[in-house]
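Worksheet for the structure shown next.
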Amino acid sequence: MEGVNVSTHPEIPGEPTHTSTALLEKATATIQGFGPVNKIHQHLCAFHFYGHDMTRQVEAHHFCAHQNEEFRQCLIYDRPDDDGRLIGVEYIVSEDLFLTLPDDEKKMWHSHEFEVKGGVLFMPGVPGPIQRQDLEKVAKTYGKVIHFWQVDRGDSLPLGIPQIMMALTRDGQLYDNLAQGIHRTSCFIVFHCNMFRQS
């Protein structure tokens, strides 16, 4: 499937960071604690589409922390390097917790089963056997994703109403240009897909 929309990395307006600001950041970083951020232990890459418009798809790099065995929370960036834009958040719950949600709420969540088994949710750079241990758990979870920054439109700042996002649920939905882009940037390999489909 070809896509008209390609996830972009818009230039942010404003002056470059001043030396004085960089020095101040270094000083505060040595004094302050960053408890919630320090809990981040995992990088997942996946693709999201807008809940109201499946033709708009974006690459999403999740940096996740476990709160407990049944709940994790992730910061989502448009790319994995230090210039990445924080574009959203995802809450991930076990199937048991998902089943406790009201029916109207469940509509805003998506299963991760196809993403994992289809090879479109993966852990960049992590060897297959190690990925498999955690992704077998992820496949049985549900996520609620909210994006604040519509980078696929080329917005240079986060504009408009936050958007509920959804995930791929079958073969052929992911735009070829996004799949090829991730091939180049994050070592995406078909092995991930085959590894789960054979089980």
**Item:** Test log, rule side chain to side chain contact (heavy atoms under 4.5 Å, CB included), inputs F63 and Q42
**Value:** CA-CA 6 Å; F63 293 86; Q42 183 177 68; over 6 Å; no
**Asked** Hey, are K144 and E105 close enough for a salt bridge, meaning a charged N less than 4.0 Å from a carboxylate O?
**Response** yes
**Complete:** Closest heavy-atom pair, E70 versus D96, reported as atoms and distance to 0.1 Å, is OE1-CB, 3.7 Å
**K106, NZ atom: more than 12 neighbouring heavy atoms under 6.0 Å** = yes
**Prompt:** Can H48 and Q57 be said to form a side chain to side chain contact (heavy atoms under 4.5 Å, CB included), step by step?
**Reply:** CA-CA 6 Å; H48 296 154; Q57 299 181 3; over 6 Å; no
**Message:** Any donor-acceptor pair under 3.5 Å linking the side-chain atoms of H62 with those of H43?
**Reply:** no
**Request:** Determine, stepwise, if the pair L135 / L44 fulfils side chain to side chain contact (heavy atoms under 4.5 Å, CB included).
**Result:** CA-CA 10 Å; L135 292 182; L44 297 171; 4.1 Å; yes
**Item:** T55 versus D53, side-chain donor and acceptor atoms under 3.5 Å
**Value:** yes
**Message:** Under a 4.0 Å threshold between the charged nitrogen and the carboxylate oxygen, would D134 count as salt-bridged to R132?
**Reply:** no
**Asked** Yes or no on side chain to side chain contact (heavy atoms under 4.5 Å, CB included) for R56 and R153, after CA distance, side-chain angles and deciding distance?
**Response** CA-CA 9 Å; R56 295 176 60 196; R153 295 192 312 196; 3.2 Å; yes
**Prompt:** For residues E15 and H18, is any side-chain donor paired with an opposing acceptor at under 3.5 Å?
**Reply:** yes
**Asked** Would you say H66 and K39 make side-chain contact, with heavy atoms under 4.5 Å?
**Response** no
**Asked** Between T21 (side chain) and T17 (backbone), is there a donor-acceptor pair under 3.5 Å?
**Response** no
**Request:** Could you pull out the closest heavy-atom pair between I76 and A60, with the gap in Å?
**Result:** CG2-CB, 3.7 Å
**Lys/Arg N to Asp/Glu carboxylate O, R85 vs D78, below 4.0 Å** = no
**Prompt:** Which heavy atom of V120 sits nearest a heavy atom of F47, and at what distance?
**Reply:** O-CD1, 3.7 Å
**Prompt:** Counting only N and O atoms by type, is there a donor-acceptor contact under 3.5 Å from the side chain of H147 to the main-chain atoms of I87?
**Reply:** no
**Spatial distance of atom OG1 (T141) from atom CG (L121) [nearest 0.5 Å]** = 8.0 Å
**Asked** Just how far is it from atom CD of Q163 to atom CH2 of W149, taken to the nearest 0.5 Å?
**Response** 15.5 Å
**Asked** Would F148 end up clustered with V37 when hydrophobic side chains under 4.5 Å apart are linked, directly or stepwise?
**Response** yes
**Item:** hydrophobic_cluster_shared for L168 and I92, side chain cutoff 4.5 Å
**Value:** no
**Item:** Between CD on residue E90 and SG on residue C64, distance to nearest 0.5 Å
**Value:** 7.0 Å
**Prompt:** How far apart are the closest heavy atoms of C45 and E59, and which atoms are they?
**Reply:** SG-CG, 4.4 Å
**Message:** So does V126 get a backbone contact from the side chain of Q131, meaning a donor-acceptor N/O pair under 3.5 Å?
**Reply:** yes
**Asked** Can you check whether V151's main-chain N or O pairs, donor with acceptor, with D155's side chain at less than 3.5 Å?
**Response** no
**Complete:** On a heavy-atom basis, the closest approach of K137 and E69 is NZ-OE1, 3.9 Å
**Item:** Approximate separation, where rounding is to 0.5 Å, of R72 CZ and Q67 CD
**Value:** 11.5 Å
**Request:** Drop me the distance from H112's NE2 to K117's NZ, to the nearest 0.5 angstrom.
**Result:** 14.0 Å
**Complete:** Taking every heavy atom of P13 against every heavy atom of S156, the minimum-distance pair comes out as CD-O, 3.6 Å
**Message:** Please determine whether the number of non-hydrogen atoms from other residues, nucleotides or ligands lying under 6.0 Å from atom CD1 of I161 exceeds 12.
**Reply:** no
**Message:** Distance check, rounded to the nearest 0.5 Å: L86 atom CG versus L75 atom CG?
**Reply:** 6.0 Å
**Request:** Report yes if some heavy atom in the side chain of Q150 is under 4.5 Å from a heavy atom in the side chain of Y50; otherwise report no.
**Result:** yes
**Request:** Report yes if the side chains of I164 and I146 come closer than 4.5 Å at any heavy-atom pair, otherwise no.
**Result:** yes
